[in-house]
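To keep things clear, I will list the structure first and then write my remarks on it.
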Amino acid sequence: MPSIVTIENVTKDYPLDKVVVQALRGVSLNVEQGDFLSIVGPSGSGKTTLLNLIGCVDTATTGLVTVDGHDTARLTDRQLTELRLNTLGFIFQSFNLVPVLDVFQNVEFPLLLQRRLGTAERAARVDALLAKVGLDKHAKHRPSELSGGQRQRVAIARALVTRPKIVLADEPTANLDSATGDAIIDLMKEMNQSERTTFIFSTHDAKVMAHADKVVRLADGKISSQAPAGAH
């Protein structure tokens with residue numbers, strides 16, 4: 001299988017007052033298309049930093065980050081925006097929903113930016129996903145009228161609606177009760193198997209890890225182990 005994400009000897013430094021914090025120290029990682037990958041490790045180990053580099057939200061200090069065949073350091077701002085819009089889906093811990101839009105509009109938003117589908121096709125795709133995440137009856141609600149778990153499900157539907165090649169998820173089940181969390185993991189696994197969507201999670205959730213094909217452990221900004229699921 002070809003690699004859809006390649007990280008080669010990547011470092012990431014953050015200046016903090018007069019010191020430099022090394023968030024990542026020489027990380028190398030290959031992610032194949034269709035992987036269901038968990039990145040695990042204690043807080044501060046570099047999980048979110050690694051996701052942000054793959055997601056083109058941040059840039060590496062040194063090293064190479066290749067996403068879907070593109071060396072991300074060589075892309076223009078416009079090309080990075082295109083890559084984020086057409087290849088990547090994001091599920092953030094903080095949801096990042098648009099407060100003035102209702103649930104349907106929040107999920108539809110990436111499709112409007114893509115400008116590929118007509119109104120009926122967009123509506124059909126949004127309705128189908130809202131039904132899958134159990135929010136079809138909340139389509140007209142604003143984010144402020146929803147619980148944390150419901151907002152998380154909106155964010156997940158929005159990430160999946162463009163059918164991206166790669167979904168990046170930062171603690172995707174953190175705000176969900178166990179039944180909803182299980183349903184969301186099942187939905188992602190179904191997409192992973194039916195559409196070969198690559199999923200990369202950072203997580204503390206043992207259930208997410210149990211569904212993963214591979215588990216990558218980070219400690220102090222370095223990969224401490226990589227193993228197929230079940231081998232850890």
Side-chain angles (χ1 to χ4, degrees), residues 1-15 20-41 44-98 106-116 152 155-172 188 191-192 195-203 214 216 218 221-223:
M1 261 292 174
S3 293
I4 196 162
V5 175
T6 308
I7 310 281
E8 288 179 39
N9 205 21
V10 161
T11 66
K12 180 62 186 176
D13 299 341
Y14 291 105
V20 172
V21 177
Q22 286 189 299
L24 294 175
R25 314 167 184 226
V27 168
S28 295
L29 177 67
N30 266 328
V31 183
E32 294 179 354
Q33 185 174 354
D35 273 355
F36 207 72
L37 177 81
S38 265
I39 300 170
V40 303
S45 59
K47 300 190 301 294
T48 299
T49 302
L50 187 54
L51 282 186
N52 286 343
L53 295 182
I54 297 168
C56 308
V57 180
D58 209 342
T59 52
T61 305
T62 61
L64 183 69
V65 179
T66 308
V67 177
D68 196 26
H70 302 281
D71 175 354
T72 57
R74 294 174 176 269
L75 298 181
T76 64
D77 285 348
R78 182 173 199 141
Q79 288 169 323
L80 287 169
T81 301
E82 291 277 316
L83 188 65
R84 283 195 294 263
L85 180 61
N86 297 312
T87 305
L88 297 159
F90 295 90
I91 303 165
F92 299 98
Q93 259 183 298
S94 53
F95 317 131
N96 289 9
L97 301 178
V98 183
N106 263 288
V107 176
E108 184 189 34
F109 191 58
L111 295 177
L112 291 171
L113 293 174
Q114 279 189 336
R115 301 180 179 177
R116 287 185 191 158
Q152 183 72 306
I156 288 164
R158 182 186 59 189
L160 301 182
V161 76
T162 58
R163 296 181 183 158
K165 288 185 183 178
I166 305 166
V167 175
L168 302 169
D170 197 3
E171 300 282 0
M188 292 176 178
M191 267 194 77
N192 169 250
E195 305 202 21
R196 302 292 296 149
T197 310
T198 304
F199 283 85
I200 304 173
F201 299 93
S202 78
T203 188
K214 297 177 186 170
V216 173
L218 280 180
K222 295 179 182 175
I223 291 178

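FYI, side chains are in, hydrogens and waters are out, and symmetry mates aren't considered; it's all heavy atoms of this structure. Predicted, not measured: the structure shown is a model, and the values here were computed from it.
When side chains are defined from C-beta on, I39 does not count as touching T203, because their heavy atoms never get closer than 4.5 Å. At a threshold of 4.5 Å between non-hydrogen side-chain atoms, the residues L112 and Q114 do not count as touching.
Annotation: the span from F199 atom CZ to I91 atom CD1 amounts to 6.5 Å, rounded to 0.5 Å. To the nearest 0.5 Å, atoms CG (L85) and CG (L83) are separated by 10.0 Å. In this structure, CD1 on I200 lies 8.0 Å from CG on L50, to the nearest 0.5 angstrom. Atom CG of L37 sits about 9.0 Å away from atom CZ of F201, to the nearest 0.5 Å. One finds the OG atom of S45 at 13.5 Å from the NZ atom of K222 (value rounded to the nearest 0.5 Å). Between the CG atom in L24 and the OG1 atom in T49 there is a gap of 5.5 Å [rounded to 0.5 Å].
No donor-acceptor pair under 3.5 Å is formed between the side chain of N106 and the backbone N or O of L97. A donor-acceptor pair under 3.5 Å links the side-chain atoms of N192 to the main chain of T197, judged by distance alone. Between the side chain of R158 and the backbone N or O of P110, no donor-acceptor pair lies under 3.5 Å. Q22 places no side-chain N or O within 3.5 Å of a backbone atom of G221 that could act as its donor or acceptor partner.
Judged as a ring pair (Phe, Tyr, Trp, His ring centres under 6.0 Å), and not counting sequence neighbours, F95 has no contacts. Residues forming a side-chain hydrogen bond (donor to acceptor under 3.5 Å, both in side chains) with R116 (at least two apart in sequence, or on another chain): N86. Applying the side-chain hydrogen bond (donor to acceptor under 3.5 Å, both in side chains) rule to Q79 yields the partners T76; only residues at least two apart in sequence or on another chain are considered.
Just one residue in the list K214, M191, M188 forms a side-chain contact (heavy atoms from CB on, under 4.5 Å) with F36, and that residue is M188.
Pairs of residues two or more places apart, or lying in two chains, never qualify as ring pair (Phe, Tyr, Trp, His ring centres under 6.0 Å) while including a residue from residues 48-86. Applying the salt bridge (Lys or Arg N to Asp or Glu O under 4.0 Å) test to every pair with at least one member in residues 79-89, sequence neighbours left out, gives no pairs at all. Listed by first then second residue, pairs satisfying salt bridge (Lys or Arg N to Asp or Glu O under 4.0 Å) with a partner in residues 47-73 read K12-D58, D68-K165, D71-R74, not counting sequence neighbours.
Nearest approach of A159 to P164, heavy atoms of both residues: O-CG, 3.4 Å. The shortest non-hydrogen separation linking L88 to C56 is CD1-SG, 4.4 Å. I223 approaches S28 most closely through the heavy-atom pair CD1-O, 3.3 Å. Scanning both residues, V67 and I54, for their nearest heavy atoms gives CG2-O, 3.4 Å. Of all non-hydrogen atoms in D170 and S202, the two that sit nearest each other are OD1-OG, 2.5 Å. The two residues V65 and A60 come nearest to each other via the heavy atoms CG2-CB, 4.3 Å.
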Applying side-chain hydrogen bond (donor to acceptor under 3.5 Å, both in side chains), run through T11 and T62 and close with a yes or a no. CA-CA 5 Å; T11 66; T62 61; 2.4 Å; yes
Would you check, one step at a time, whether the test side chain to side chain contact (heavy atoms under 4.5 Å, CB included) holds for V167 with T198? CA-CA 6 Å; V167 175; T198 304; over 6 Å; no
Assess whether side chain to side chain contact (heavy atoms under 4.5 Å, CB included) is satisfied between I7 and L64, documenting all intermediate values. CA-CA 6 Å; I7 310 281; L64 183 69; over 6 Å; no
Decide yes or no on side chain to side chain contact (heavy atoms under 4.5 Å, CB included) for V40 and L218, but give the supporting numbers first. CA-CA 6 Å; V40 303; L218 280 180; over 6 Å; no
Would E32 and N30 count as a side chain to side chain contact (heavy atoms under 4.5 Å, CB included) if you check the C-alpha gap in whole Å, the side-chain angles of each, and the deciding distance to 0.1 Å? CA-CA 6 Å; E32 294 179 354; N30 266 328; 5.8 Å; no
